[in-house]
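Atoms considered below: every heavy atom in the structure, side chains included; atoms not considered: hydrogens, waters and symmetry mates. Along the sequence shown, residues carry numbers from 1. Read the numbers this way: they start at 1 and go in the same order the structure lists the ligands and their atoms. Quick caveat: nothing in here was measured; it's all calculated off a predicted structure.
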Amino acid sequence: MPDFRAAALEALATQTIELPSWAFGNSGTRFKVFGQPGVARDPFEKLEDAAQVHAHTGVAPRVSLHIPWDLVDDYGDLAASARDLGVSIGAINSNLFQDDEYKLGSLTHADPAVRRRAIDHHAQCIEVMRRTGSTDLKIWLPDGTNYPGQDDLRERQERLADSLRQIYAMLDPGHRILLEYKFFEPYFYAMDIPDWGTSLVHCLELGDQATVVLDTGHHAPGTNIEFIVMQLLRLGRLGAFDFNSRNYADDDLIVGSADPFQLFRIMDEIVAQGAHLPASGVTFMLDQCHNLEKKIPGQIRSVMNVQEATAKALLVDREALRAAQRAGEVLDAHSVLMDAFSTDVRPLLAELREQQGLDADPYAAYARSGHQQRIERERVGGRQAGWGA
Ligand code: LRH
Ligand code: MN
């Protein structure tokens, strides 16, 4: 087996994974939100926690914000605080799923005044991008209907296209829209952007600065996600991933925890097309909620899982794979992939971290650091961030 380790180490050293600020706040289900000692109480403390993940993994230098969950008086201050902590602000997420006015839709609503409100919210988000140096506006459209006949599906698409055009017109050069789809929830008959095709259609209508976000928890069970990855890369419209894993619905569990082989297949498609390299412009983000487990270790474990899947994909003998594929040797081809997937890449990642001056095991290193005990001791009083615990 040719030695792909050197090339893999080089590629892994360029990888970056963007962390969601909301992973550091409390979260849960409609049944219960469990608070935890030491949880961040504001965006500044969320950045502190994210900086811990970067300090121990070396590959998580950006934090995506969610507006208004991460509302602060001065975004210049927040960006400066991020810089002091050794991280930067990534994508700015809009929020169209908590306002009463959006019950029957936001960017798709029949009432122009409601659409105006939703469009103005994105003007606010773009202002936050300008103040923080962020270049990505991430729009997850939660709009949808619950019953057949509730509204005209085509008219909603026309209203959506018009609203998106107005938002797109507000972008600066160098800005991107990351348009996220989801096949159900919070509506249970038709979502207005239910799948990659619908997101892609709107992105193609908008222009080059519009790309698709693939959230790994937003597909119908049984969907071949790596096929969607291949097609979006083929069209140059894969802007970003929201990585997480699920067993049933949009569970937002730790990426790779429910199905590490699926994560490997996704990263294999990414590596096969060179999209793991920064020049590809594909942003790798986490979108998770740590309902039971501690937040910072949860994010560290998640980053390590993405690194492991990427390392395995980088060890695929692509020449042998292509030869077997060309020869129609079905099992030989499959075995090439399974050999890589079955490789223990932890020693390779330990070598990478030692090269970066980091501990070989970030998870254990954080546990030893005493940071968790310190924040649980010091962060008393105030209101914990996130869903009301
Ligand atoms: C919607 C979603 C979206 C975010 C939210 C926190 O399910 O995936 O990316 O706005 O989670
Ligand atoms: Mn998401």
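Ligand 1 has an N or O atom lying under 3.5 Å from an N or O atom of E180, backbone or side chain. Residue N93 has no nitrogen or oxygen atom sitting less than 3.5 Å from a nitrogen or oxygen atom of ligand 1, judged on distance alone. Not one N or O of W69 is nearer than 3.5 Å to an N or O of ligand 1, by distance alone. Considering both main-chain and side-chain atoms, S94 never comes within under 3.5 Å of ligand 1 through any nitrogen or oxygen pair. Remark: ligand 1 and D252 share no N or O pair separated by less than 3.5 Å (distance only, no angle test).
Annotation: side-chain hydrogen bond (donor to acceptor under 3.5 Å, both in side chains) contacts involving residues 220-230, sequence neighbours excluded, comprise E226-R265. The ring-ring contact (aromatic ring centres under 6.0 Å, His included) contacts involving residues 290-316 comprise nothing, where partners must be two or more places apart or lie in separate chains. Residue pairs meeting the side-chain hydrogen bond (donor to acceptor under 3.5 Å, both in side chains) criterion with at least one partner in residues 60-75, sequence neighbours excluded, are T16-R62, E18-R62, S21-D70, K46-D70, W69-Q98.
In this structure, Y181 has its ring center at least 6.0 angstrom away from the ring center of W140.
Near K182, meaning under 4.0 Å from one of its heavy atoms, ligand 1 places the atoms 7 (O). Less than 4.0 angstrom separates some heavy atom of D215 from each of these atoms of ligand 1: 8 (O). Close approach of ligand 1 to K138 (heavy-atom distance below 4.0 Å) involves ligand atoms 9 (O). Set against the non-hydrogen atoms of W22, the atoms of ligand 1 under 4.0 Å away are 6 (C). If you number the atoms of ligand 1 from 1 as listed, the ones under 4.0 Å from a heavy atom of D250 come out as 7 (O).
Closest non-hydrogen pair, I89 versus A79, comes out as CG1-CA, 4.4 Å. For the residue pair S342 and M338, the shortest heavy atom distance occurs at OG-O, 2.5 Å. Between G174 and T135, the shortest heavy-atom contact is O-CB, 3.6 Å.
Residue contacts with ligand 1, taken as heavy atom pairs separated by less than 4.0 Å, involve D242 solely via side-chain atoms from C-beta onward.
The side chain to side chain contact (heavy atoms under 4.5 Å, CB included) test with Q15 singles out one residue from L352, T310, V303, L277, and that residue is T310.
For atom 8 (O) of ligand 1, the closest non-hydrogen atom on the protein side is D287 OD2, 2.7 Å.
Q384 and N26 form a side-chain donor-acceptor contact under 3.5 Å, judged by distance and modelled atom types alone. With hydrogens and angles left out, the side-chain atoms of D251 and N244 include no donor and acceptor closer than 3.5 Å. Using modelled atom types, one finds no donor on one side chain facing an acceptor on the other under 3.5 Å when comparing H121 with N95.
Distances from the Mn ion (ligand 2) under 2.8 Å pick out these protein N/O/S atoms: E180 OE2, D215 OD2, D242 OD2, D287 OD2.
Contact between H66 and ligand 1 is present, with at least one heavy atom of the residue lying under 4.0 Å from the ligand.
Using the six-membered ring where Trp is involved, F243 and F284 have ring planes that are parallel, under 30° apart on the 30 and 60° scheme.
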